[in-house]
Every structure is written in C-alpha cells, then in structure tokens.
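Computed from heavy atoms alone, side chains included, the values below leave out hydrogens, waters and symmetry copies. So that the names make sense, note that chain A is the first sequence line, chain B the second, and so on, each numbered from 1.
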Amino acid sequence: MPRYNPATIEPKWQAFWDEHQTFASPRLPEGEKMYVLDMFPYPSGDGLHVGHPEGYTATDIVCRAARMQGKSVVHPMGFDAFGLPAEEHAIKTGEHPRVQTEQNIATFRRQLKMLGFSFDWSRELATTDVEYFHWTQWIFLKLYDTWFDDDQQKGRPINELPIPKEVSADGKDAIREYQDDHRLAYQSEAPVNWCPALGTVLANEEVIHGKSERGNHPVERRALRQWMLRITAYASRLEDDLESLDWPEGVKALQRNWIGRSTGAEVDFFLATDDTSNDNWRDSRAKIGFPRKPGDQVLRVYTTRPDTLFGATYMVIAPEHPLVEQLTTSENAEAVKTYCDLAAAKSDLDRTELAKEKTGVFTGSFATNPVNGERIPIWIADYVLVSYGTGAIMAVPAHDERDFEFAKQFNIPIQPVVAPGDSTSEEERSAILAGEQVFAGHGTAINSGDFNGLATADFKEKITAWLTDQGLGRQAINYKLRDWLFSRQRFWGEPFPILHELDDAGEKTGRVQAVDIADLPVDLPHLDDFKPHGRPEPPLDKAPDEWLYPVIDGVRYKRETNTMPQWAGSCWYYLRFLDPTNTEALVDPEIEKAWMPIDLYVGGAEHAVLHLLYARFWHKVLFDRGVISTPEPFQKLVNQGMILGSNNEKMSKSRGNVVNPDEVVKEYGADSLRLYEMFMGPLEQTKPWNMEGVNGVYGFLNRVWRMILDENSEPIALNPTISDALPTEEQNRILHKTIKAVTGDIAKLSFNTAIARMMEFTNFYTKQESRPRDAMQQFVLLLSPFAPHMAEELWQAMGYEKSLAKEAWPAYDEAMLVESEIEIPVQFKGKVRTKIKIPAEANKNQIEALALADARVKELLAGKEILKTIVVPGRLVNFVVKG
RNA sequence: GCCGGAGUGGCGGAAUUGGCAGACGCGCUGGAUUCAAAAUCCAGUGGGCUUCGGCCCGUGGGGGUUCAAGUCCCCCCUCCGGUACCA
C-alpha cells in the first residue's frame, strides 16, 4: 500500500457514498430518531469559508456516530438563496439573479461534497425553488388568515374572530376592516427605515446605529405602506417557552432582552384642570372603571414605577403622539410645530446616539395627577418614543435618570418620594432627599400620603390595586419587541400572494384579496432589467401587465409588488427537509410528527435573535393552526464560535487573512481540514486559524495510517506488527479508555478532547511491537466520524467490503479500565513532596499505612509532628505537619 | 450604562466540578537517519534558584474560606459579543 494520499481516497469514498446512497434517511424514522440540522448557508459568490465547515463537521460527527449507535438520523442541507448580492449582480449585468444563484449553489454543493459530510442530498432544497416558495407563500396566507385570541393566547382562523355589534352594524366593509386590523399579516402606513442607497426599507433589526447593517448606508424615516407581521401578539409565549429549550443561557438572555417584557401600570391623567370637572370625572371613573381606549379627555401613560406617582412633576408625550395638536395652546403652537417637524426629520441616529442633551417644548397644557390632584405641565420631548407603551409618560425626575436630566435642563421641580435603604451613604441620602441626586432603586415611600412607609414592591402592588379599584389605572405589560416589518422593495424575493382590487379608474380601492391557494405559487415575472428606480416603489412595478394586472371574475387587480425579506425562507426550511417533494402539503403531518423537533441545531451566534425568533414565531402560528405538532422547533441549540485569521482578526478579504477550504483540502485533504477544525478548541469558542495546526493533525493521520498499514508495500498490506495475538492488559486498558473517552466526548460535543484521546491511543500503539487486529479495527471505527475517508479506506484494507457507516459503535468494558496498581501523590501541607504506589482498590487505612511505610515519606516526616492526615482513596494522601 | 461570555506556558488549548496545573497539538532545543534537505524517529521543553538531593514562585489583580483553590466567596482590572433614552 502506498503512502497516505487523501487526493485519491477522498473522491473515491465520496463517489461510493453517493452511489450507494449511504446517508439517505427513511421517510419515517426506524427506531430512535435524531434530527440534526445545520443553519443552511447563503450561497455567496465567494464560496465556502472555513467558518462554514466548523459547525458542519461537528454535526457530521454527531450524525455518523449516532448512525453507528443504531439511531435513525435525518441530516439535510440546503440553501438560503434569496438575497441582495444576487440582485445587485443582476442590476449590474442584466442577467437574471437566478442564474448567478444557481452557479453559486453549484459551487457550494461541490465544496460541501468535497468535505465528505454525510448529508442526505436527496432532500436538498433552496428557498428560491419555485416549489419551495410556493409553500412560503402558503404560510404567508396562513398568517393572513389568522388572528390572535388574547384570552386563549392562541392564533385562530380569521372567520372565528368575534365581530362587535357596533362594527357589524356598519356593514360589510366595516367588518372587513375590523378583520384586517386583527390579522397576523397586515398593512401599515407607519414610518419605516428607508435606505436610499439600497433602494429599500429595512427592518428595525437591520439598522445598526442609524446605518444599514448591510453596507453601512444612511437610513432615513419615511411613511410607506408596508406589510407587517404581528409577532408582538406572540411575545409572551415566545418568552415563556424559552424555558423549555436546551439552548445556551446567553442566547436565551438575548431573546428575553429583545422581547423586553416589563410589568407596570397604565394610568390616566385627566386633562381638564378645573376642580369640578376633575371630581366629576373621578366619580364617573369609579363607576364605569378603566376604559379600553383612553379617549381625548385623558392622557394615558405607562409606568413600571406606579409607586412614584406622587413624585410626578411633569408629563411628556412623544412628538408623534395623537394628542399633540389638542394639547398645544395657541401661544405655544409655533414652538411646538418647529420642534415636532425637527424631530420628524431626525434620523434614529440623531435621536439617540448624538442626542446626549435632552430637548423638549412645553405644550401650554396641564394634566391632573390622579393620586393627589396636582396640576402638572405637559411637555413634548423626543426622548419619549411613540412606539412604546402609550407614547406618553409621567415624569418622576427624582427617580428616573432621563427625567432628572430633563428636569434639570428645564428647571422643573424635583420631588423625591422614595428614600433609599441603609446601604446608601449619608451624603448620598441627603442629596437624594434634597432632589439633587437621582435615585432609581427600590426603597421606602415618602411624601406619598397614606402610602408613606411602604417598601417599593408593596407600594406598587397596593397602588395598582387602588388605581384599578378607582378606574384610574390597571396593571399592564409592555414589550420592547415591535411588529415585524415584512416587505422589501426588491425583485429577488418571494412575491406576496396578495391582490389589490382596482376601481374603474385603475386606482386601488383599498380592498385586498388573497390569491387562491389553488393558484399558488405566484412566480416572479420576467423583467427586462433589474435596476431600482430610487423611489420606494418596488422593481416589480415594472413587471409586464399580464403579470401585474390579473382579472378575476371580471374584477381587475394589481398584484402586490413588494417581496418578502430573506428571513422568510429560513423560517420554516427545517420542516420542508422532512418532506421536500410533497405537492399536497408543506409537510406530511405523519412525517412531521415522527421527526420533529430538531434534536440538535448548530449555527452562528449572529442568528441568536432574529432568525431564531422569527422561526419560532412562524412555528407557533403553524402549531396553533394545526399544521404541525410541536410548539417549538429547535430543542437543542449550539452556536459554533467564529474562526479568526492567524493574526487573531476577523477573516476578511480586506485584511488578506482569509483561508480558502479548497486550498486546505488540496494540500492536506478533507479529513485533515475536518480534524483540524475540531481540534482547534471548543466548538463554541472563537479561535484563530493556524496552518501549522493543520499540518499537525495531518501528521497524526499519517501516523494512524502507518500504525495500521505497511507504507512500503505496494499491494495493500497491513503493518506487519498487526496480528491476532491476544491484547495485553495494558493494551486493552488503553483501548477501552479511549472508547469510553471518545464516546463521552462526542456526546458532550467536546471534539477537541476526543481527538486528543485518539492521539494518545496512537502514541501508545505505535510503540507496540504487537498490535492486536481487533484494537486497530475498533480504533478505526472511533476515528471514522472525524476522518471518514481514511477510516473507510483502512476498514477496506482490513478486509471489509461494506462501508463502516453502519457498523456497530465500539463498546467499552468498565472492567478493562481498572488498573491494579496506581501512583498517588503524598502531600505535606497541601504540597506534593513525593509519590507512592498503591493497589488501586486500597482503602483509607491501607493507604495511610503504605504512605507511612514509604522510605521517602519517613525521611520527610523525620522530626515533625503529624497533626492530621487526609486520605482520599485513589487520589492522594496529605499530611498536615508541624515543625 | 445594562445584559451575556471569557482571561491558564512562546501559541491553540486540557484539567472527575475542590484533590498531582499545563493532557493533546503547534513551536522551539538537542540527538538519530541523510552527501544534504524534506519527511520520519528518539529525548527535552512554565519561570527562577540549586550543593543536582531538591527548593521557591506560578492559572488577569487584591483579599477570604479550606488539610487542599484554575475550580468556591467578596472587591477590582482587561478583552470579546449583544444592546442602548423601551418610562
């Protein structure tokens, strides 16, 4: 047999696996099921990056080992292929984005196969496949057809939405509007992040510090008609269900943080300020209770600190608040208009990052504090966001950092109502009580009427109950999470299966019609060119009339010309993998039930919030609507760490530190690349690439090769040291130790230590003059998930005709692990001074006796008094001595 | 600021969850082999001191608990990721 040559054996085995469909999984699991998924890649023009194979190798090892352990494994791969780069290429060249997308997919597929991953390629899909986005559109229609029942906390069909009498009294259009207002997919005119450079609007999540996440272009706010998904309806369940998931705590924390649940109270402040009407209002409220909608007689605020109500010295509404006009008195009108116009023109960057100083303007109006009847001024300031809570706050400068700053700026009184606890210094305490320092912590109520002396938590509870009782407020929960802006002004995305009804003049009537399920998919039309026009109207507005203006039952419609964001396709691909060719349903319920949920999901931490939250949201809607059987898709999640360049910096073309997997494979082979990626360090850790390290594992594979094969013999021949002789006790112990360690390490995804154990095995056995055949075979099986090509080659050389992919995983015998004699340290006052040999099973007394009998120990003990002796059987002896 | 994660040799990293710090690999040093080199093999490799027996110091820094601390507790520093007026 010649020397180890990955360039010949790797393609050989890849072809073998392909030809024999070695890794095709059955329709339904046979025995214990395991669904292992990698986050599918976006097929960029640059091809695979060394970061990709890290997670893919990890899951591949898990899958290969699981198959050998008798599990039924499904392990698919596909492509998240919609996206801006392909469209930008199309804009430049005029070539359809599908052409480039398919070329890129071909490159990715070739590279993935080159690395020997055990994917079931018969399940491959791309989000851009028309038959795939057929079902993406189908799910959109499900969202469109669903409303969220708050009482049941569940998505239900829109035709089950109860219609209030006053709505149905107004006729069909009113009912339709009411329904549209409750759908999970709805249209909105709200201001959005319009990015002129990209020619599209962006989701809040795609804007980082006022710039586009992609390309870092400036983003401005503009009102546009957009499709939104009501993810906020699921906020509570999305948060609660995190608990049931085996995910890194950090990722759960990120999602919780993003959802941002807070509990507090809504409180109404009466707007008219004469005493009589205020009293009347309070009386009526005590009778009718707290109304659902505030109306224009009151200013409704949300606060997490209702216990500070007595300290509210002014109020603030957002510049976009609906009551701005009503509350502005004529002498303040000009200043208010100037301020609001300025705020509207400000980008998010100006409003947050740069705005260290608080700004605002007085409306001229006052409101009455419901707890003490005090009249307090109403201001407008852009530090209050219209999109959170009620868009209005009660300001308590003594106990809120932001309000404190504002009050200082505009000379508004500061009234302390919470005294800090004992841990606060006397100086600080008096500063707080004098209103010179802000205190946002919990403490004891002061200046709060009957509530004085209450602890913050008690006060919150009592005042909320009181407010509820008086009809002045109620407990409320708010989320930072916003509804998901779901439309993009792009060509290369899924078309919405939505039609806008047109009147005789060709204008939109405002009525919207879902495309009939039977007419799905709505394919993308042919375009002569793909250039955006720099206006917010999407490129699909340039589509030919026969696509753009369908006529159904004599009514003329215009198709929706927005397309879906890239997230759409990745929200549900894991379901389609289970049943990729089904033409009747997105997935056969029997199949879905058998394979879901995903037992292991591996991907980059950059998807910790968005992809994982969006997918969970869709999953829950599909679950509520009975399409699927599990409430959560991804039971266990692992984030692989980033791989840095050898200079410890992020890999990038501009830094010139990018490592190309093709070149690594060419020089060392796929097995070495795989092994190195796993040997670098823990899967979840960020770690730098080091080409010497690849050379190191390549050396290891060469040693394995020579341990088993005779490198000098041209026909296949085992190394002459290999024989059927019985293994020695030590040989057996090493083998079984290795089996145990590698098996356990794979289960813990601790691949670096598993490889270290195999190296130790090899270091030991290459020194053995006689190598038992059985030990070598077991070792090859252990190695096979990591370096599958070499393992298959060695397996074949050992005389087997079939692939080892389904061979039984080696078992270890605990009895083989025990050593008869072990060496343990003898410590003096916790410091190792010498070592003694003891029988492995020796008990405390025996060990102590053996230690005391040892010559060196005697020497060390001379002239000293033993105060205490600690013996840990099998581990150590420690003498606490004096003198 | 807040929320996560991490600081161990020249480098990547190990360490039954309190029990011999530095497994394994890279690199480096010396040796064997070679005309020479590569490759391979053998030996060594945390720092300091040493009378060559050993001794002292060492897991970001400072305290503490313990017979025993990389591991547990308190305080602090640095780096990475996320987030940023969410009332």
Counting the atoms with a prime plus P, OP1 and OP2 as sugar-phosphate, which does [X] contact under 4.0 Å by heavy atoms, base, sugar-phosphate, or nothing?
| X | value |
| --- | --- |
| A:Thr869 | nothing |
| A:Arg703 | sugar-phosphate |
| A:Glu684 | nothing |
| A:Val880 | sugar-phosphate |
| A:Gly260 | nothing |
| A:Pro682 | sugar-phosphate |
| A:Thr686 | sugar-phosphate |
| A:Ile393 | base |

Options [options], nucleotide nearest the side-chain atoms of [X]:
| X | options | value |
| --- | --- | --- |
| A:Leu385 | B:A15, B:G19, B:A87 | B:A87 |
| A:Phe679 | B:C67, B:G25, B:G19 | B:G25 |
| A:Asn878 | B:C20, B:C24, B:C67 | B:C67 |
| A:Lys767 | B:C42, B:A87, B:C85 | B:C42 |
| A:Met759 | B:C24, B:A87, B:C20 | B:C24 |
| A:Lys831 | B:C67, B:A87, B:C57 | B:C57 |

Between [X] and [N], does any side-chain N or O lie under 4.0 Å from OP1 or OP2?
| X | N | value |
| --- | --- | --- |
| A:Lys829 | B:C67 | no |
| A:Tyr383 | B:A87 | no |
| A:Gln685 | B:G13 | yes |
| A:Asn763 | B:G25 | yes |

Taking atom [atom1] in both [N] and [M], compute the distance separating them and give it to the nearest angstrom.
| N | M | atom1 | answer |
| --- | --- | --- | --- |
| B:G64 | B:G54 | P | 32 Å |
| B:G48 | B:C35 | P | 39 Å |
| B:A14 | B:C20 | C1' | 14 Å |
| B:G46 | B:G25 | P | 15 Å |

Could you state the atom-to-atom distance from [atom1] of [X] to [atom2] of [N] in whole Å?
| X | N | atom1 | atom2 | result |
| --- | --- | --- | --- | --- |
| A:Trp258 | B:G81 | CH2 | C1' | 14 Å |
| A:Asp710 | B:U40 | CG | P | 18 Å |
| A:Phe761 | B:G25 | CZ | P | 15 Å |

Problem set entry | Validation row: A:Met680, A:Ile643 side chains within 4.5 angstrom (heavy atoms) | yes
For this session: Measure the acute angle between the ring planes of A:Phe700 and A:Phe779, then classify it against the limits of 30° and 60° as parallel, tilted or perpendicular.
Result: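 Geometry flag for A:Phe779 against A:Phe700: perpendicular rings.
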Exercise. Does RNA chain B take part in any stems of at least 3 consecutive Watson-Crick or G-U pairs (both distances under 3.5 Å), and if so, which ones?
Worked result: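 Paired runs of 3+ in RNA chain B: B:1-7 with B:77-83, B:10-12 with B:24-26, B:27-32 with B:40-45, B:46-49 with B:54-57, B:60-64 with B:72-76.
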Problem set entry | Side-chain-base donor-acceptor pair under 3.5 Å for A:Arg757 and B:A23 | yes
Exercise. Any donor-acceptor pair under 3.5 Å between the side chain of A:Arg706 and the base of B:U40?
Worked result: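 Checked by distance alone, the answer is no.
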For this session: Report yes or no: is the cationic atom of A:Lys358 (NZ for Lys, CZ for Arg) under 6.0 Å from the centre of the six-membered ring of A:Phe406, at an angle within 45° of the ring normal?
Result: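 No, a cation-pi geometry is absent between A:Lys358 and A:Phe406.
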Exercise. So does A:Lys252 pair up with A:Glu243, basic N to acidic O under 4.0 Å?
Worked result: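 No, A:Lys252 and A:Glu243 are not salt-bridged.
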